J.: 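I'd like to ask some things about the structure below.
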Amino acid sequence: MKEELSAEVRAVRLVWVVENFFGYRGESHHEVGLYFLAEPSSASSLMNEPGPYVGREGVRSLEFAWFAPSELAALDVRPSFLVPLLKAQDFSFRHVVHRDEQT
């Protein structure tokens with residue numbers, strides 16, 4: 001959040017260790033991701049402004065927005081395993097092995 005939006009957040013705890021297998025530009029990839037439950041400070045624009053929030057990654061413009069859990073299924077969220085866990089607000093610790101259906 002600091003890198004893309006210049007927003008300070010506090011990592012509360014590690015919730016998911018994810019092995020993600022996916023295809024990108026014709027190549028197979030395997031990444032290991034660490035997903036943390038994070039909390040912005042009470043003074044953060046993330047808590048006090050409705051968004052969307054504009055950020056940058058190098059020369060790329062990024063747009064971040066909040067969505068209700070019920071809206072996630074209609075979005076292209078990747079990796080897709082995030083949709084049911086976020087919708088259920090299931091932040092119990094787990095090791096997830098995810099294989100993208102398009103690989």
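Note that the structure is a prediction, hence the values are computed from the model and not measured.
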J.: Would you name the heavy atoms of A11 and F36 that are closest together and state the gap between them?
T.: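 The answer is CB-CD2, 4.2 Å.
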
J.: Count the heavy atoms belonging to other residues, nucleotides or ligands that lie under 6.0 Å from CZ of R60, then report whether that count exceeds 12.
T.: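 No - once you tally the heavy atoms of other residues, nucleotides and ligands closer than 6.0 Å, there are 12 at most.
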
J.: Might you point out which heavy atoms bring K87 and S70 nearest each other, and give the distance in Å?
T.: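 Nearest pair, atom of K87 first, then S70: CE-CA, 4.5 Å.
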
J.: Can F22 and E31 be said to form a side chain to side chain contact (heavy atoms under 4.5 Å, CB included), step by step?
T.: CA-CA 8 Å; F22 63 97; E31 70 178 359; 3.8 Å; yes

J.: Measure the spacing between CZ of R94 and CZ of F81 and express it to the nearest 0.5 Å.
T.: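 If I round to the nearest 0.5 Å, the distance is 9.5 Å.
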
J.: Does E71, at its CD atom, have more than 12 non-hydrogen atoms belonging to other residues, nucleotides or ligands within less than 6.0 Å?
T.: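 Atom CD in E71 is crowded, with more than 12 foreign heavy atoms closer than 6.0 Å.
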
J.: How about V17 and L14: do any of their side-chain heavy atoms sit closer than 4.5 Å?
T.: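 They are in contact (side-chain heavy atoms under 4.5 Å apart), so the answer is yes.
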
J.: For the side chain of D76 and the backbone of R78, is there at least one donor-acceptor N/O pair under 3.5 Å apart?
T.: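 The answer is no, because no donor-acceptor pair under 3.5 Å joins these two groups.
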
J.: Let me check something: do V96 and V77 share a hydrophobic cluster, defined by ILVMFWY side-chain heavy atoms less than 4.5 Å apart, either directly or through other members?
T.: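 Yes, because V96 and V77 connect within a single hydrophobic cluster, where side-chain heavy atoms sit under 4.5 Å apart.
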
J.: Hey, mind stepping through H30 and E19 against side-chain hydrogen bond (donor to acceptor under 3.5 Å, both in side chains) and telling me if it holds?
T.: CA-CA 7 Å; H30 174 208; E19 291 186 70; 3.0 Å; yes

J.: Check whether any side-chain N or O of N48 sits under 3.5 Å from a backbone N or O of S42 as a donor-acceptor pair, and report yes or no.
T.: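 Looks like yes, one N/O pair under 3.5 Å.
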
J.: Roughly how far, to the nearest 0.5 Å, is OG of S6 from OH of Y53?
T.: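 Reported to 0.5 Å precision, the distance equals 14.0 Å.
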
J.: CD/E8 to OG/S45 distance, rounded to the nearest 0.5 angstrom?
T.: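 So the CD of E8 and the OG of S45 are separated by 11.0 Å.
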
J.: Would you kindly confirm whether L62 and M1 end up in one hydrophobic cluster when ILVMFWY residues are joined by side chain heavy atoms under 4.5 Å apart?
T.: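 Same cluster: L62 reaches M1 through Ile, Leu, Val, Met, Phe, Trp or Tyr contacts under 4.5 Å.
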
J.: Report the C-alpha separation of R56 and E4 in whole Å, then their side-chain angles, then the decisive distance to 0.1 Å, and conclude whether the side chain to side chain contact (heavy atoms under 4.5 Å, CB included) test is met.
T.: CA-CA 5 Å; R56 300 212 53 84; E4 282 87 5; over 6 Å; no

J.: Just how far is it from atom OG of S80 to atom CG of L72, taken to the nearest 0.5 Å?
T.: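 If we round to the nearest 0.5 Å, S80:OG and L72:CG are 12.0 Å apart.
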
J.: Take F67 and L75 through the side chain to side chain contact (heavy atoms under 4.5 Å, CB included) test and state the conclusion after the steps.
T.: CA-CA 10 Å; F67 293 92; L75 301 172; 3.6 Å; yes

J.: Is there a path of hydrophobic side-chain contacts, each under 4.5 Å between heavy atoms, that joins W66 and L5?
T.: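 Yes, it is one cluster - the side chains of W66 and L5 are joined through contacts under 4.5 Å.
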
J.: Is it the case that the side chain of Q89 and the backbone of L86 share a donor-acceptor pair, with hydrogens and angles ignored and the cut-off at 3.5 Å?
T.: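 The answer is no, because no donor-acceptor pair under 3.5 Å joins these two groups.
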
J.: Mind checking whether H95 and V18 have side chains closer than 4.5 Å, heavy atoms only?
T.: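 H95 does not reach V18 side chain to side chain.
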
J.: State plainly whether one hydrophobic cluster holds both L82 and V97, where clusters connect Ile, Leu, Val, Met, Phe, Trp and Tyr through side-chain heavy atoms under 4.5 angstrom apart.
T.: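 No, because L82 and V97 fall into different hydrophobic clusters, even though each may have its own neighbours under 4.5 Å.
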
J.: Report yes if the distance between the aromatic ring centroids of Y35 and F91 is under 6.0 Å, otherwise no.
T.: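 Not close enough - the centres of the two rings lie 6.0 Å or further apart.
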
J.: Run the numbers on F93 and V15 for side chain to side chain contact (heavy atoms under 4.5 Å, CB included), then give the verdict.
T.: CA-CA 4 Å; F93 179 78; V15 289; 5.7 Å; no

J.: Please report the C-alpha distance between R10 and S41 in whole Å, then the side-chain angles of each, then the deciding distance to 0.1 Å, and finally whether the side-chain hydrogen bond (donor to acceptor under 3.5 Å, both in side chains) criterion is met.
T.: CA-CA 8 Å; R10 178 179 72 88; S41 72; over 6 Å; no

J.: Do you know which two heavy atoms are closest between A7 and L46, and how far apart they sit?
T.: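 Scanning both residues completely, I find the closest heavy atoms to be CB-CD1, 3.8 Å.
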
